[in-house]
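All remarks here apply to the structure that follows.
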2 protein chains.
Amino acid sequence: MSTEKSGKAVVDSQEDPRGRILSAAGREFAEKGFENTTIRDICTLASVNVAAVNYYFGEKHRLYIESVRHAHEERSRQFPLPVWADGTLPAEKLRGFVGNMLERMLGFDKPSWQVRLMLREVLHPTDACRELVEDYIRPHFTVLCNILDELTDGKATPAELRRIGLSICGQCFLYHSAGDVVGMLIPPNEIKEMHNPVELANHITAYCLAALGKRVPLSVEVS
Amino acid sequence: MSTEKSGKAVVDSQEDPRGRILSAAGREFAEKGFENTTIRDICTLASVNVAAVNYYFGEKHRLYIESVRHAHEERSRQFPLPVWADGTLPAEKLRGFVGNMLERMLGFDKPSWQVRLMLREVLHPTDACRELVEDYIRPHFTVLCNILDELTDGKATPAELRRIGLSICGQCFLYHSAGDVVGMLIPPNEIKEMHNPVELANHITAYCLAALGKRVPLSVEVS
DNA sequence: CACCGTTTCAAACGCTTGTTTGAATTTAAG
DNA sequence: CTTAAATTCAAACAAGCGTTTGAAACGGTG
(Lines give C-alpha, C1' and ligand atoms only; values in the text may rest on other atoms or scores of the structure.)
Protein backbone atom coordinates (compact mmCIF):
# COMPACT_ATOMS: atom_id res chain seq x y z
CA MET A 1 0.00 0.00 0.00
CA SER A 2 1.38 3.36 -0.99
CA THR A 3 0.97 6.81 0.46
CA GLU A 4 -2.11 8.20 -1.31
CA LYS A 5 -5.04 9.03 0.92
CA SER A 6 -8.23 8.85 -1.18
CA GLY A 7 -9.42 6.24 -3.67
CA LYS A 8 -8.05 8.24 -6.59
CA ALA A 9 -5.26 6.76 -8.65
CA VAL A 10 -1.89 8.42 -8.46
CA VAL A 11 0.81 9.07 -10.99
CA ASP A 12 4.12 7.20 -10.70
CA SER A 13 5.50 8.27 -7.39
CA GLN A 14 9.21 8.06 -6.55
CA GLU A 15 9.65 11.27 -8.48
CA ASP A 16 10.14 14.97 -8.05
CA PRO A 17 6.86 16.81 -7.31
CA ARG A 18 7.50 18.93 -10.36
CA GLY A 19 7.84 15.81 -12.50
CA ARG A 20 4.71 14.29 -10.96
CA ILE A 21 2.73 17.41 -11.80
CA LEU A 22 4.07 17.46 -15.36
CA SER A 23 3.13 13.84 -15.89
CA ALA A 24 -0.29 14.14 -14.28
CA ALA A 25 -1.03 17.31 -16.22
CA GLY A 26 -0.06 15.64 -19.48
CA ARG A 27 -2.45 12.78 -18.88
CA GLU A 28 -5.31 15.03 -17.86
CA PHE A 29 -4.82 17.55 -20.68
CA ALA A 30 -4.55 14.70 -23.19
CA GLU A 31 -7.79 13.22 -21.94
CA LYS A 32 -9.94 16.30 -21.43
CA GLY A 33 -8.23 19.24 -23.07
CA PHE A 34 -7.07 22.48 -21.50
CA GLU A 35 -10.39 24.02 -20.48
CA ASN A 36 -11.98 20.87 -19.13
CA THR A 37 -9.01 19.97 -16.98
CA THR A 38 -8.91 21.51 -13.53
CA ILE A 39 -5.78 22.22 -11.57
CA ARG A 40 -7.43 20.40 -8.68
CA ASP A 41 -7.76 17.22 -10.77
CA ILE A 42 -4.12 17.40 -11.77
CA CYS A 43 -2.99 17.93 -8.21
CA THR A 44 -5.08 15.07 -6.90
CA LEU A 45 -3.56 12.78 -9.52
CA ALA A 46 -0.08 14.00 -8.69
CA SER A 47 -0.65 13.87 -4.94
CA VAL A 48 0.34 17.46 -4.38
CA ASN A 49 -1.40 20.52 -3.01
CA VAL A 50 -3.23 22.86 -5.41
CA ALA A 51 -0.77 25.62 -4.63
CA ALA A 52 2.11 23.50 -5.90
CA VAL A 53 1.25 24.07 -9.54
CA ASN A 54 1.48 27.81 -9.07
CA TYR A 55 4.64 27.39 -7.04
CA TYR A 56 6.38 25.40 -9.80
CA PHE A 57 4.77 26.73 -12.96
CA GLY A 58 3.20 30.07 -12.12
CA GLU A 59 -0.02 29.57 -14.01
CA LYS A 60 -2.12 26.90 -15.67
CA HIS A 61 -1.29 28.04 -19.17
CA ARG A 62 2.44 27.74 -18.56
CA LEU A 63 1.91 24.27 -17.15
CA TYR A 64 0.10 23.30 -20.33
CA ILE A 65 2.90 24.55 -22.56
CA GLU A 66 5.47 22.74 -20.47
CA SER A 67 3.52 19.50 -20.49
CA VAL A 68 3.26 19.53 -24.29
CA ARG A 69 7.00 20.09 -24.48
CA HIS A 70 7.53 17.33 -21.93
CA ALA A 71 5.36 14.99 -24.00
CA HIS A 72 7.20 15.33 -27.28
CA GLU A 73 10.63 15.39 -25.65
CA GLU A 74 9.89 12.16 -23.83
CA ARG A 75 8.52 10.68 -27.03
CA SER A 76 11.54 11.67 -29.10
CA ARG A 77 13.85 10.20 -26.49
CA GLN A 78 12.02 6.88 -26.22
CA PHE A 79 11.28 6.45 -29.93
CA PRO A 80 13.96 8.02 -32.15
CA LEU A 81 13.41 8.56 -35.85
CA PRO A 82 13.18 5.26 -37.75
CA VAL A 83 16.22 3.97 -39.62
CA TRP A 84 16.55 1.04 -41.99
CA ALA A 85 19.24 -1.36 -43.05
CA ASP A 86 21.12 -0.23 -46.13
CA GLY A 87 19.52 -2.47 -48.73
CA THR A 88 15.90 -1.93 -47.61
CA LEU A 89 13.53 -1.28 -50.49
CA PRO A 90 11.76 2.11 -50.42
CA ALA A 91 8.38 0.36 -50.56
CA GLU A 92 9.33 -1.60 -47.46
CA LYS A 93 10.42 1.59 -45.72
CA LEU A 94 7.11 3.19 -46.59
CA ARG A 95 5.11 0.33 -45.16
CA GLY A 96 7.23 0.43 -42.04
CA PHE A 97 6.84 4.17 -41.64
CA VAL A 98 3.07 4.13 -42.11
CA GLY A 99 2.62 1.14 -39.83
CA ASN A 100 4.67 2.88 -37.21
CA MET A 101 2.70 6.09 -37.46
CA LEU A 102 -0.59 4.21 -37.20
CA GLU A 103 0.60 2.24 -34.21
CA ARG A 104 1.46 5.49 -32.49
CA MET A 105 -1.78 7.19 -33.51
CA LEU A 106 -4.16 4.33 -32.83
CA GLY A 107 -2.17 2.16 -30.46
CA PHE A 108 -2.83 -1.54 -30.24
CA ASP A 109 -5.03 -0.66 -27.34
CA LYS A 110 -5.13 3.14 -27.10
CA PRO A 111 -2.61 5.82 -27.98
CA SER A 112 -0.23 6.97 -25.27
CA TRP A 113 -1.17 10.19 -23.53
CA GLN A 114 1.86 11.84 -25.07
CA VAL A 115 0.57 11.19 -28.57
CA ARG A 116 -2.98 12.14 -27.69
CA LEU A 117 -1.77 15.42 -26.22
CA MET A 118 0.29 16.17 -29.32
CA LEU A 119 -2.59 15.40 -31.66
CA ARG A 120 -4.85 17.60 -29.58
CA GLU A 121 -2.35 20.37 -30.14
CA VAL A 122 -2.45 19.70 -33.88
CA LEU A 123 -6.24 20.02 -33.92
CA HIS A 124 -6.38 23.05 -31.67
CA PRO A 125 -3.03 24.79 -31.83
CA THR A 126 -1.81 27.00 -28.99
CA ASP A 127 1.53 28.62 -28.24
CA ALA A 128 3.00 25.14 -27.81
CA CYS A 129 2.33 24.15 -31.41
CA ARG A 130 5.22 25.77 -33.27
CA GLU A 131 7.85 24.03 -31.17
CA LEU A 132 6.00 20.73 -31.49
CA VAL A 133 5.99 21.05 -35.25
CA GLU A 134 9.66 21.98 -35.54
CA ASP A 135 11.06 19.52 -33.01
CA TYR A 136 8.81 16.54 -33.57
CA ILE A 137 6.48 16.65 -36.56
CA ARG A 138 8.75 18.15 -39.20
CA PRO A 139 11.58 15.64 -38.67
CA HIS A 140 9.14 12.79 -39.07
CA PHE A 141 7.52 14.39 -42.08
CA THR A 142 10.93 14.87 -43.67
CA VAL A 143 11.71 11.20 -43.26
CA LEU A 144 8.46 10.38 -45.04
CA CYS A 145 9.23 12.77 -47.90
CA ASN A 146 12.69 11.23 -48.28
CA ILE A 147 11.17 7.77 -48.58
CA LEU A 148 8.81 9.08 -51.25
CA ASP A 149 11.73 10.67 -53.03
CA GLU A 150 13.50 7.31 -53.20
CA LEU A 151 10.29 5.67 -54.30
CA THR A 152 9.83 8.00 -57.24
CA ASP A 153 13.50 7.75 -58.22
CA GLY A 154 13.89 11.48 -57.72
CA LYS A 155 11.40 12.20 -60.51
CA ALA A 156 8.99 14.18 -58.34
CA THR A 157 9.48 17.76 -57.18
CA PRO A 158 9.74 18.51 -53.45
CA ALA A 159 6.30 20.12 -53.61
CA GLU A 160 4.81 16.96 -55.09
CA LEU A 161 6.53 14.83 -52.46
CA ARG A 162 5.10 16.98 -49.70
CA ARG A 163 1.63 16.76 -51.23
CA ILE A 164 1.79 12.99 -51.38
CA GLY A 165 3.19 12.91 -47.87
CA LEU A 166 0.24 14.93 -46.63
CA SER A 167 -2.13 12.54 -48.39
CA ILE A 168 -0.63 9.68 -46.42
CA CYS A 169 -0.74 11.58 -43.15
CA GLY A 170 -4.34 12.59 -43.82
CA GLN A 171 -5.46 9.02 -44.04
CA CYS A 172 -3.80 8.05 -40.76
CA PHE A 173 -5.10 11.23 -39.19
CA LEU A 174 -8.71 10.44 -40.07
CA TYR A 175 -8.65 7.08 -38.35
CA HIS A 176 -7.35 8.72 -35.22
CA SER A 177 -9.31 11.93 -34.98
CA ALA A 178 -12.58 10.86 -36.53
CA GLY A 179 -12.40 7.29 -35.29
CA ASP A 180 -15.84 7.41 -33.69
CA VAL A 181 -17.55 8.61 -36.84
CA VAL A 182 -15.67 6.07 -38.95
CA GLY A 183 -16.92 3.45 -36.52
CA MET A 184 -20.49 4.57 -37.19
CA LEU A 185 -20.04 4.60 -40.98
CA ILE A 186 -18.44 1.18 -41.34
CA PRO A 187 -20.08 -2.14 -40.41
CA PRO A 188 -18.81 -3.50 -37.08
CA ASN A 189 -17.34 -6.72 -38.46
CA GLU A 190 -15.42 -4.73 -41.06
CA ILE A 191 -14.07 -2.56 -38.27
CA LYS A 192 -12.98 -5.60 -36.32
CA GLU A 193 -11.18 -7.13 -39.28
CA MET A 194 -9.64 -4.11 -40.92
CA HIS A 195 -9.35 -1.43 -38.30
CA ASN A 196 -5.96 -2.17 -36.84
CA PRO A 197 -2.59 -0.58 -37.55
CA VAL A 198 -1.32 -3.49 -39.65
CA GLU A 199 -4.26 -3.80 -42.03
CA LEU A 200 -4.66 -0.06 -42.40
CA ALA A 201 -0.96 0.34 -43.09
CA ASN A 202 -1.24 -2.26 -45.81
CA HIS A 203 -4.11 -0.39 -47.42
CA ILE A 204 -2.59 3.06 -47.19
CA THR A 205 0.76 1.82 -48.47
CA ALA A 206 -0.84 -0.09 -51.33
CA TYR A 207 -2.93 2.98 -52.23
CA CYS A 208 0.21 5.09 -52.41
CA LEU A 209 2.30 2.55 -54.30
CA ALA A 210 -0.47 2.05 -56.82
CA ALA A 211 -0.83 5.79 -57.30
CA LEU A 212 2.89 6.02 -57.98
CA GLY A 213 2.78 3.13 -60.44
CA LYS A 214 4.95 0.93 -58.22
CA ARG A 215 2.27 -1.70 -57.88
CA VAL A 216 -0.74 -2.96 -59.81
CA PRO A 217 -3.85 -0.76 -59.50
CA LEU A 218 -6.04 -1.19 -56.42
CA SER A 219 -9.08 -2.38 -58.33
CA VAL A 220 -7.05 -5.38 -59.42
CA GLU A 221 -6.47 -6.76 -55.94
CA VAL A 222 -3.57 -9.11 -55.38
CA SER A 223 -4.08 -11.68 -52.68
CA MET B 1 -29.62 51.85 -37.61
CA SER B 2 -31.23 48.81 -35.99
CA THR B 3 -32.36 48.07 -32.47
CA GLU B 4 -29.24 46.68 -30.76
CA LYS B 5 -28.04 48.61 -27.77
CA SER B 6 -24.32 47.89 -27.31
CA GLY B 7 -21.50 47.78 -29.83
CA LYS B 8 -21.78 44.01 -30.17
CA ALA B 9 -22.88 42.57 -33.49
CA VAL B 10 -26.24 40.91 -33.63
CA VAL B 11 -27.57 37.90 -35.47
CA ASP B 12 -30.05 38.45 -38.31
CA SER B 13 -33.04 40.00 -36.63
CA GLN B 14 -36.52 39.85 -38.12
CA GLU B 15 -36.84 36.38 -36.65
CA ASP B 16 -38.35 34.43 -33.79
CA PRO B 17 -36.33 34.77 -30.56
CA ARG B 18 -35.99 30.97 -30.56
CA GLY B 19 -34.58 31.07 -34.06
CA ARG B 20 -32.24 33.92 -33.17
CA ILE B 21 -30.89 31.95 -30.21
CA LEU B 22 -30.41 28.84 -32.36
CA SER B 23 -28.51 30.78 -34.96
CA ALA B 24 -26.39 32.68 -32.47
CA ALA B 25 -25.63 29.51 -30.53
CA GLY B 26 -24.56 27.71 -33.70
CA ARG B 27 -22.11 30.45 -34.57
CA GLU B 28 -20.68 30.63 -31.08
CA PHE B 29 -20.42 26.85 -30.59
CA ALA B 30 -18.81 26.51 -34.02
CA GLU B 31 -16.23 29.14 -33.15
CA LYS B 32 -15.39 28.27 -29.57
CA GLY B 33 -16.82 24.85 -28.78
CA PHE B 34 -19.31 23.90 -26.10
CA GLU B 35 -17.31 24.61 -22.96
CA ASN B 36 -15.80 27.89 -24.08
CA THR B 37 -19.09 29.35 -25.17
CA THR B 38 -21.12 31.12 -22.51
CA ILE B 39 -24.87 31.45 -22.51
CA ARG B 40 -24.34 35.14 -21.92
CA ASP B 41 -22.33 35.46 -25.15
CA ILE B 42 -25.04 33.69 -27.09
CA CYS B 43 -27.78 35.85 -25.63
CA THR B 44 -25.90 39.05 -26.34
CA LEU B 45 -25.43 37.98 -29.95
CA ALA B 46 -29.11 37.04 -30.21
CA SER B 47 -30.31 40.16 -28.40
CA VAL B 48 -32.28 38.25 -25.81
CA ASN B 49 -32.15 37.97 -22.05
CA VAL B 50 -30.03 35.21 -20.48
CA ALA B 51 -33.14 33.57 -19.09
CA ALA B 52 -34.53 33.11 -22.60
CA VAL B 53 -32.26 30.19 -23.37
CA ASN B 54 -33.58 28.31 -20.38
CA TYR B 55 -37.12 29.34 -21.24
CA TYR B 56 -36.86 27.94 -24.78
CA PHE B 57 -34.35 25.11 -24.42
CA GLY B 58 -34.21 24.20 -20.75
CA GLU B 59 -30.47 23.82 -20.51
CA LYS B 60 -27.26 24.63 -22.36
CA HIS B 61 -26.66 21.04 -23.40
CA ARG B 62 -30.07 20.77 -25.05
CA LEU B 63 -29.42 24.02 -26.89
CA TYR B 64 -26.18 22.57 -28.18
CA ILE B 65 -27.86 19.41 -29.47
CA GLU B 66 -30.58 21.47 -31.13
CA SER B 67 -28.12 23.81 -32.76
CA VAL B 68 -26.16 20.92 -34.28
CA ARG B 69 -29.42 19.52 -35.64
CA HIS B 70 -30.36 22.98 -36.90
CA ALA B 71 -26.99 23.26 -38.64
CA HIS B 72 -27.16 20.07 -40.65
CA GLU B 73 -30.84 20.44 -41.45
CA GLU B 74 -30.25 23.92 -42.81
CA ARG B 75 -27.25 22.66 -44.73
CA SER B 76 -29.15 19.73 -46.25
CA ARG B 77 -31.96 22.05 -47.30
CA GLN B 78 -29.71 24.63 -48.92
CA PHE B 79 -27.26 22.19 -50.53
CA PRO B 80 -28.93 18.91 -51.52
CA LEU B 81 -26.89 15.85 -52.47
CA PRO B 82 -25.03 16.35 -55.76
CA VAL B 83 -26.45 14.91 -58.96
CA TRP B 84 -24.92 14.68 -62.44
CA ALA B 85 -26.16 14.62 -65.99
CA ASP B 86 -26.64 11.11 -67.31
CA GLY B 87 -23.56 10.79 -69.46
CA THR B 88 -21.11 12.21 -66.93
CA LEU B 89 -17.91 10.19 -66.59
CA PRO B 90 -17.26 8.71 -63.13
CA ALA B 91 -13.90 10.44 -63.03
CA GLU B 92 -15.63 13.75 -63.61
CA LYS B 93 -18.13 12.98 -60.84
CA LEU B 94 -15.28 12.18 -58.50
CA ARG B 95 -13.52 15.45 -59.18
CA GLY B 96 -16.80 17.27 -58.69
CA PHE B 97 -17.54 15.51 -55.44
CA VAL B 98 -14.09 16.09 -53.97
CA GLY B 99 -14.03 19.71 -55.09
CA ASN B 100 -17.41 20.23 -53.52
CA MET B 101 -16.37 18.66 -50.25
CA LEU B 102 -13.21 20.75 -50.10
CA GLU B 103 -15.12 23.92 -50.85
CA ARG B 104 -17.44 23.16 -47.96
CA MET B 105 -14.61 22.18 -45.62
CA LEU B 106 -12.17 24.95 -46.46
CA GLY B 107 -14.41 27.58 -47.98
CA PHE B 108 -13.07 30.05 -50.48
CA ASP B 109 -12.73 32.32 -47.51
CA LYS B 110 -13.66 30.33 -44.43
CA PRO B 111 -16.11 27.45 -43.88
CA SER B 112 -19.66 28.32 -42.88
CA TRP B 113 -20.43 28.03 -39.22
CA GLN B 114 -22.73 25.12 -39.97
CA VAL B 115 -19.85 23.09 -41.41
CA ARG B 116 -17.47 24.12 -38.68
CA LEU B 117 -19.96 23.04 -36.06
CA MET B 118 -20.49 19.69 -37.76
CA LEU B 119 -16.77 19.04 -38.07
CA ARG B 120 -16.32 19.94 -34.44
CA GLU B 121 -18.88 17.26 -33.65
CA VAL B 122 -16.92 14.78 -35.77
CA LEU B 123 -13.75 15.49 -33.84
CA HIS B 124 -15.38 15.50 -30.43
CA PRO B 125 -18.63 13.54 -30.67
CA THR B 126 -21.48 14.16 -28.27
CA ASP B 127 -25.09 12.98 -28.20
CA ALA B 128 -25.70 14.97 -31.37
CA CYS B 129 -23.25 12.92 -33.41
CA ARG B 130 -25.28 9.82 -34.27
CA GLU B 131 -28.06 11.82 -35.91
CA LEU B 132 -25.53 13.96 -37.74
CA VAL B 133 -23.87 10.85 -39.15
CA GLU B 134 -27.11 9.18 -40.23
CA ASP B 135 -28.85 12.24 -41.67
CA TYR B 136 -25.95 14.11 -43.19
CA ILE B 137 -22.63 12.29 -43.36
CA ARG B 138 -23.76 8.80 -44.39
CA PRO B 139 -25.80 9.98 -47.40
CA HIS B 140 -22.83 11.95 -48.68
CA PHE B 141 -20.44 9.08 -48.02
CA THR B 142 -22.76 6.72 -49.89
CA VAL B 143 -22.72 8.99 -52.94
CA LEU B 144 -18.93 8.87 -52.85
CA CYS B 145 -18.88 5.07 -52.61
CA ASN B 146 -21.28 4.82 -55.56
CA ILE B 147 -19.00 6.97 -57.67
CA LEU B 148 -16.07 4.73 -56.75
CA ASP B 149 -18.17 1.70 -57.62
CA GLU B 150 -18.77 3.09 -61.08
CA LEU B 151 -15.13 3.99 -61.39
CA THR B 152 -13.96 0.47 -60.65
CA ASP B 153 -16.59 -1.06 -62.94
CA GLY B 154 -18.08 -2.93 -60.03
CA LYS B 155 -14.87 -4.91 -59.55
CA ALA B 156 -14.26 -3.77 -55.97
CA THR B 157 -16.08 -5.08 -52.91
CA PRO B 158 -18.19 -2.69 -50.82
CA ALA B 159 -15.58 -2.92 -48.08
CA GLU B 160 -12.84 -1.86 -50.50
CA LEU B 161 -14.99 0.98 -51.78
CA ARG B 162 -15.50 2.25 -48.26
CA ARG B 163 -11.81 2.01 -47.52
CA ILE B 164 -10.96 4.06 -50.59
CA GLY B 165 -13.75 6.49 -49.75
CA LEU B 166 -12.26 7.00 -46.31
CA SER B 167 -8.84 7.59 -47.86
CA ILE B 168 -10.34 10.41 -49.89
CA CYS B 169 -12.19 11.89 -46.92
CA GLY B 170 -9.06 11.65 -44.80
CA GLN B 171 -7.12 13.83 -47.17
CA CYS B 172 -9.79 16.53 -47.22
CA PHE B 173 -10.18 16.22 -43.49
CA LEU B 174 -6.49 16.88 -42.84
CA TYR B 175 -6.49 20.16 -44.71
CA HIS B 176 -9.45 21.32 -42.67
CA SER B 177 -8.65 20.11 -39.18
CA ALA B 178 -4.88 20.33 -39.22
CA GLY B 179 -4.72 23.31 -41.52
CA ASP B 180 -2.54 25.34 -39.17
CA VAL B 181 0.07 22.62 -38.85
CA VAL B 182 0.03 22.00 -42.59
CA GLY B 183 0.63 25.71 -42.99
CA MET B 184 3.73 25.43 -40.80
CA LEU B 185 5.08 22.36 -42.64
CA ILE B 186 4.70 23.66 -46.16
CA PRO B 187 6.52 26.72 -47.59
CA PRO B 188 4.24 29.77 -47.75
CA ASN B 189 4.38 30.21 -51.52
CA GLU B 190 3.43 26.58 -52.00
CA ILE B 191 0.48 27.15 -49.70
CA LYS B 192 -0.60 30.17 -51.69
CA GLU B 193 -0.43 28.32 -55.00
CA MET B 194 -1.77 24.91 -54.07
CA HIS B 195 -3.84 25.34 -50.97
CA ASN B 196 -7.21 26.06 -52.45
CA PRO B 197 -10.17 23.77 -53.07
CA VAL B 198 -9.60 23.51 -56.82
CA GLU B 199 -5.91 22.57 -56.75
CA LEU B 200 -6.32 20.21 -53.83
CA ALA B 201 -9.29 18.52 -55.51
CA ASN B 202 -7.16 18.00 -58.59
CA HIS B 203 -4.42 16.37 -56.55
CA ILE B 204 -6.69 14.18 -54.46
CA THR B 205 -8.67 13.08 -57.49
CA ALA B 206 -5.53 12.36 -59.49
CA TYR B 207 -4.08 10.39 -56.58
CA CYS B 208 -7.20 8.26 -56.45
CA LEU B 209 -7.52 7.77 -60.20
CA ALA B 210 -3.88 6.77 -60.43
CA ALA B 211 -4.25 4.31 -57.59
CA LEU B 212 -7.20 2.74 -59.40
CA GLY B 213 -5.31 2.54 -62.67
CA LYS B 214 -7.60 5.02 -64.39
CA ARG B 215 -4.82 7.47 -65.05
CA VAL B 216 -1.05 7.45 -65.51
CA PRO B 217 0.92 7.18 -62.27
CA LEU B 218 1.51 10.36 -60.28
CA SER B 219 5.28 10.30 -60.62
CA VAL B 220 4.76 10.70 -64.37
CA GLU B 221 3.02 14.05 -64.17
CA VAL B 222 0.86 15.16 -67.06
CA SER B 223 0.71 18.89 -67.61
C1' DC C 1 20.33 23.89 19.08
C1' DA C 2 19.36 28.10 16.32
C1' DC C 3 18.86 29.96 11.95
C1' DC C 4 17.00 30.67 7.29
C1' DG C 5 15.66 29.62 2.72
C1' DT C 6 12.70 26.17 0.45
C1' DT C 7 8.69 23.62 0.09
C1' DT C 8 3.94 22.22 1.54
C1' DC C 9 -0.58 23.03 3.17
C1' DA C 10 -5.55 24.34 4.39
C1' DA C 11 -8.15 28.03 3.74
C1' DA C 12 -9.95 31.75 1.48
C1' DC C 13 -10.51 35.24 -2.36
C1' DG C 14 -12.50 37.05 -6.43
C1' DC C 15 -14.50 35.98 -10.55
C1' DT C 16 -17.26 33.53 -14.02
C1' DT C 17 -20.36 30.11 -14.91
C1' DG C 18 -25.25 27.86 -15.71
C1' DT C 19 -29.46 28.27 -13.73
C1' DT C 20 -33.48 30.14 -11.08
C1' DT C 21 -36.68 33.52 -9.45
C1' DG C 22 -40.49 36.56 -9.13
C1' DA C 23 -42.11 40.51 -10.85
C1' DA C 24 -42.99 43.33 -15.01
C1' DT C 25 -44.51 43.44 -19.64
C1' DT C 26 -46.65 41.86 -23.76
C1' DT C 27 -50.06 39.16 -26.22
C1' DA C 28 -54.43 37.33 -27.33
C1' DA C 29 -59.06 35.92 -26.27
C1' DG C 30 -63.65 36.76 -24.01
C1' DC D 1 -61.86 46.89 -21.01
C1' DT D 2 -60.76 42.55 -18.36
C1' DT D 3 -58.40 38.68 -17.69
C1' DA D 4 -55.20 35.09 -17.98
C1' DA D 5 -51.59 33.02 -20.23
C1' DA D 6 -47.13 33.61 -22.50
C1' DT D 7 -42.98 36.00 -22.71
C1' DT D 8 -39.24 39.09 -21.11
C1' DC D 9 -36.34 41.06 -17.75
C1' DA D 10 -32.95 42.49 -13.93
C1' DA D 11 -31.29 40.43 -10.21
C1' DA D 12 -29.73 36.89 -7.46
C1' DC D 13 -28.02 32.09 -6.43
C1' DA D 14 -24.99 28.31 -5.76
C1' DA D 15 -21.15 25.95 -7.53
C1' DG D 16 -16.73 25.63 -9.63
C1' DC D 17 -12.78 27.78 -11.25
C1' DG D 18 -7.67 29.69 -11.12
C1' DT D 19 -5.09 31.96 -8.02
C1' DT D 20 -3.31 33.88 -3.57
C1' DT D 21 -2.16 33.91 1.20
C1' DG D 22 0.25 33.32 5.45
C1' DA D 23 1.49 30.12 8.41
C1' DA D 24 3.34 25.49 9.22
C1' DA D 25 6.77 21.86 8.12
C1' DC D 26 11.05 20.63 6.30
C1' DG D 27 16.12 20.50 5.39
C1' DG D 28 20.62 21.76 5.38
C1' DT D 29 24.37 24.90 7.67
C1' DG D 30 26.79 27.17 11.25
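Per chain, numbering begins at 1; letters A, B, ... match sequence-line order.
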Side chains of [X] and [Y]: do they bring a donor and an acceptor to under 3.5 Å?
| X | Y | answer |
| --- | --- | --- |
| A:S23 | A:R27 | yes |
| B:E74 | B:H70 | yes |
| A:T126 | A:H61 | no |

> Considering only heavy atoms and no angle criterion, is a donor-acceptor pair shorter than 3.5 Å present between the side chain of A:R40 and the base of D:dG18?
Replying inline: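 Indeed, a donor on one side and an acceptor on the other fall under 3.5 Å apart.
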> Start at the 5' end of DNA chain D and walk down; is the nucleotide closest to B:A51 or to A:G58 reached first?
Replying inline: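 Its nearest nucleotide lies further toward 5', so the answer is B:A51.
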> So which nucleotide from D:dC9, D:dA11, C:dT8 ends up closest to the side chain of B:N49?
Replying inline: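 Nearest listed nucleotide: D:dC9.
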>> OP1 or OP2 of C:dT8 versus the side-chain N and O atoms of A:Y56: is any pair under 4.0 Å?
In response: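 For A:Y56, the contact criterion (side-chain N or O under 4.0 Å from OP1 or OP2 of C:dT8) is met.
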Whole angstroms only, please: what is the [atom1]-[atom2] distance between [X] and [N]?
| X | N | atom1 | atom2 | result |
| --- | --- | --- | --- | --- |
| A:N54 | D:dG18 | CG | C1' | 7 Å |
| A:K32 | D:dG16 | NZ | P | 14 Å |
| B:N36 | D:dG18 | CG | C1' | 15 Å |
| A:H61 | D:dC17 | NE2 | C1' | 17 Å |

> With under 30° as parallel and over 60° as perpendicular, where do the rings of A:Y64 and A:F34 fit, or are they tilted in between?
Replying inline: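 If you compare the ring of A:Y64 with that of A:F34, the planes turn out perpendicular.
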> For DNA chain C, whose closest nucleotide is more 5', that of B:I39 or that of A:Y55?
Replying inline: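 It is A:Y55, whose closest nucleotide lies nearer the 5' terminus.
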